[in-house]
There are 2 protein chains.
Amino acid sequence: MSIKRKTKSLSIILSIFENRDAALSVVDLVEELKGDMNKTTVYRILERLENEGTIHSFSGTNGLKWYAKCHQCSSGHHNDVHPHFECKDCGKVECLEVNISIPNFENRNIYTADILLKGQCTDCLS
Amino acid sequence: MSIKRKTKSLSIILSIFENRDAALSVVDLVEELKGDMNKTTVYRILERLENEGTIHSFSGTNGLKWYAKCHQCSSGHHNDVHPHFECKDCGKVECLEVNISIPNFENRNIYTADILLKGQCTDCLS
DNA sequence: AATATATTTGCAACCAAGTTGCATTAACGA
DNA sequence: TCGTTAATGCAACTTGGTTGCAAATATATT
């Protein structure tokens with residue numbers, strides 16, 4: 001385990017997640033933080049926060065990496081069975097606090113389930 | 001719609017999917033077909049077959065693109081609600097012919113659901 | 001407060017998946 | 001067989017993400 005230091009870059013990223021509820025793509029985050037820190041630093045801090053259980057990552061459309069605040073995740077074990085939702089109109093991505101039930105398979109063990117739902121969000125429904 | 005010609009490259013790729021039931025990553029396919037055709041051609045033929053409803057694509061770990069034979073898909077409308085399974089041990093990826101039920105959300109419309117399950121396959125369970 | 005030491009950061013170079021433009025080749029109908 | 005047009009190869013490019021290493025910075029110790 002790496003020792004953690006409360007650096008400036010870390011607090012910037014932390015505060016971004018604290019003030020926002022929707023998920024953030026790494027690409028957007030790197031863009032937003034251009035000027036504040038290097039993209040390598042962004043990637044490394046996100047990785048660290050994920051290991052600590054503060055945020056969790058998942059794949060959006062085209063395999064882009066997204067991160068979102070953890071609500072029920074603890075360090076080491078992420079409670080990953082909630083789906084992620086991506087709005088096809090505005091591009092917003094968010095966690096849905098719903099449990100999707102995955103059936104049991106006789107001849108397989110399922111360890112994780114990544115579920116990406118796409119459609120229209122509340123704002124774009126009108 | 002593009003006119004379709006039965007070319008050599010096309011039949012090679014078609015026969016690969018006919019003879020195999022598991023899904024194929026584009027990367028593996030490009031590697032396997034090195035010598036037969038260019039990677040650009042592979043990408044283009046896969047795209048075409050997907051548009052025709054012969055195969056369907058989805059994202060695996062790290063956002064890698066995979067393709068699998070369609071069983072219940074028709075041109076234009078893919079019946080996409082079956083999950084894909086990736087074995088964490090041998091790397092095999094396959095379609096599971098099971099329907100995962102997605103709940104309805106009051107304030108959202110869900111159009112598609114991409115579900116990637118990871119675990120151990122039959123062969124790797126022992 | 002100054003110093004030592006270990007972690008973070010920036011930078012530049014790199015890697016891999018996937019895309020594009022364009023000239024060449026090959027299907028196929030006439 | 002020839003002409004048209006789609007399919008292909010190639011090389012260059014784009015983009016998301018990673019790596020190695022030197023420079024900077026946080027923290028403990030004195």
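Being a predicted model, the structure only gives us computed values, none of them experimental. Just so we're on the same page: letters track the sequence lines, and every chain starts at 1.
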A.B. asks: Any idea how A:Trp66 and A:Phe58 line up, ring-wise: parallel (<30°), tilted (30 to 60°), or perpendicular (>60°)?
C.D. replies: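 Aromatic pair A:Trp66/A:Phe58 classed parallel.
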
A.B. asks: From CG of A:Asp36 over to C1' of C:dG10, roughly how many Å is that when rounded to an integer?
C.D. replies: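 It is 14 Å, rounded to the nearest whole Å.
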
A.B. asks: Can you tell me if the side-chain N/O atoms of B:Thr41 get under 4.0 Å from OP1 or OP2 in D:dA7?
C.D. replies: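 No, B:Thr41 has no side-chain N/O under 4.0 Å of OP1/OP2 on D:dA7.
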
A.B. asks: Toward the 5' end of DNA chain D, which comes first, B:Thr7 or A:Gly63, by nearest nucleotide?
C.D. replies: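 The residue mapped nearer the 5' terminus is B:Thr7.
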
A.B. asks: Nearest to the A:Asn38 side chain among C:dT19, C:dC11, D:dG17, which nucleotide is it?
C.D. replies: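 Between C:dT19, C:dC11, D:dG17, the one nearest the side chain of A:Asn38 would be C:dC11.
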
A.B. asks: Could you tell me whether A:Lys65 and A:Glu47 make a salt bridge, using a distance below 4.0 angstrom between a side-chain N and a carboxylate O?
C.D. replies: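 Answer for the salt bridge query: no.
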
A.B. asks: How close or far is atom P of D:dT15 from atom CG of B:Leu64, stated in whole angstroms?
C.D. replies: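 From B:Leu64 CG to D:dT15 P: 19 Å.
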
A.B. asks: Using a heavy-atom cut-off of 4.0 Å across all strands, would you classify B:Val27 as base, sugar-phosphate, or nothing?
C.D. replies: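 Result for B:Val27 = sugar-phosphate.
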
A.B. asks: Under 4.0 Å, counting only non-hydrogen atoms across every strand here, what does B:Lys39 touch: a base, just sugar-phosphate, or nothing?
C.D. replies: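 The residue B:Lys39 makes base contact.
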
A.B. asks: What integer distance in Å separates B:Leu33:CG from C:dA17:C1'?
C.D. replies: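 To the nearest whole Å, that distance equals 16 Å.
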
A.B. asks: On the side chain of B:Arg44, is there an atom forming a donor-acceptor pair with the base of C:dG18 - under 3.5 Å, no angle test?
C.D. replies: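 Answer is no: no donor-acceptor pair is held.
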
A.B. asks: Closer than 4.0 angstrom, basic N to acidic O: yes or no for B:Lys92 and B:Asp123?
C.D. replies: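 Between B:Asp123 and B:Lys92 there is a salt bridge, with a charged N closer than 4.0 Å to a carboxylate O.
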
A.B. asks: Quick one: A:Asn51 CG to C:dT8 P, roughly how many Å, whole number?
C.D. replies: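 These atoms are roughly 12 Å apart.
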
A.B. asks: In whole angstrom, what separates B:Leu10's CG from C:dA27's C1'?
C.D. replies: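 It works out to 12 Å between those atoms.
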
A.B. asks: Side chain of A:Arg5 only, heavy atoms from C-beta on: which candidate in C:dC22, D:dA26, C:dT9 is closest?
C.D. replies: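 Taking heavy atoms from C-beta onward, the closest nucleotide is D:dA26.
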
A.B. asks: In whole angstrom, what separates B:Glu31's CD from C:dG18's P?
C.D. replies: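 Rounded to whole Å, this separation is 14 Å.
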
A.B. asks: Nearest to the side chain of A:Thr40, heavy atoms from C-beta on, is which of D:dT4, D:dT19, D:dC10?
C.D. replies: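 My answer, after comparing the listed nucleotides, is D:dT19.
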
A.B. asks: Rounded to whole Å, how long is the line connecting atom CG of B:Leu46 with atom P of C:dG18?
C.D. replies: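 Rounded to the whole Å, the gap is 10 Å.
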
A.B. asks: Given C:dG18, C:dT8, C:dG10, which nucleotide is nearest the side-chain atoms of A:Arg48?
C.D. replies: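 That would be C:dT8.
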
A.B. asks: Between A:Pro103 and A:Phe105, is there a side-chain heavy-atom distance shorter than 4.5 Å?
C.D. replies: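 Touching, per the 4.5 Å side-chain cut-off.
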
A.B. asks: May I ask you to decide whether B:Arg20 forms a salt bridge with B:Glu32, counting only side-chain N to carboxylate O separations under 4.0 Å?
C.D. replies: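 Answer for the salt bridge query: yes.
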
A.B. asks: Please report, rounded to the nearest Å, how far the P atom of C:dT8 is from the CD1 atom of A:Ile12.
C.D. replies: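 Going from CD1 in A:Ile12 over to P in C:dT8 covers 16 Å.
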
A.B. asks: I want to confirm an ordering. Mapping A:Ser9 and B:Lys8 to their closest nucleotides on DNA chain C, which one lands closer to the 5' end?
C.D. replies: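 Nearest nucleotide further toward 5': that of A:Ser9.
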
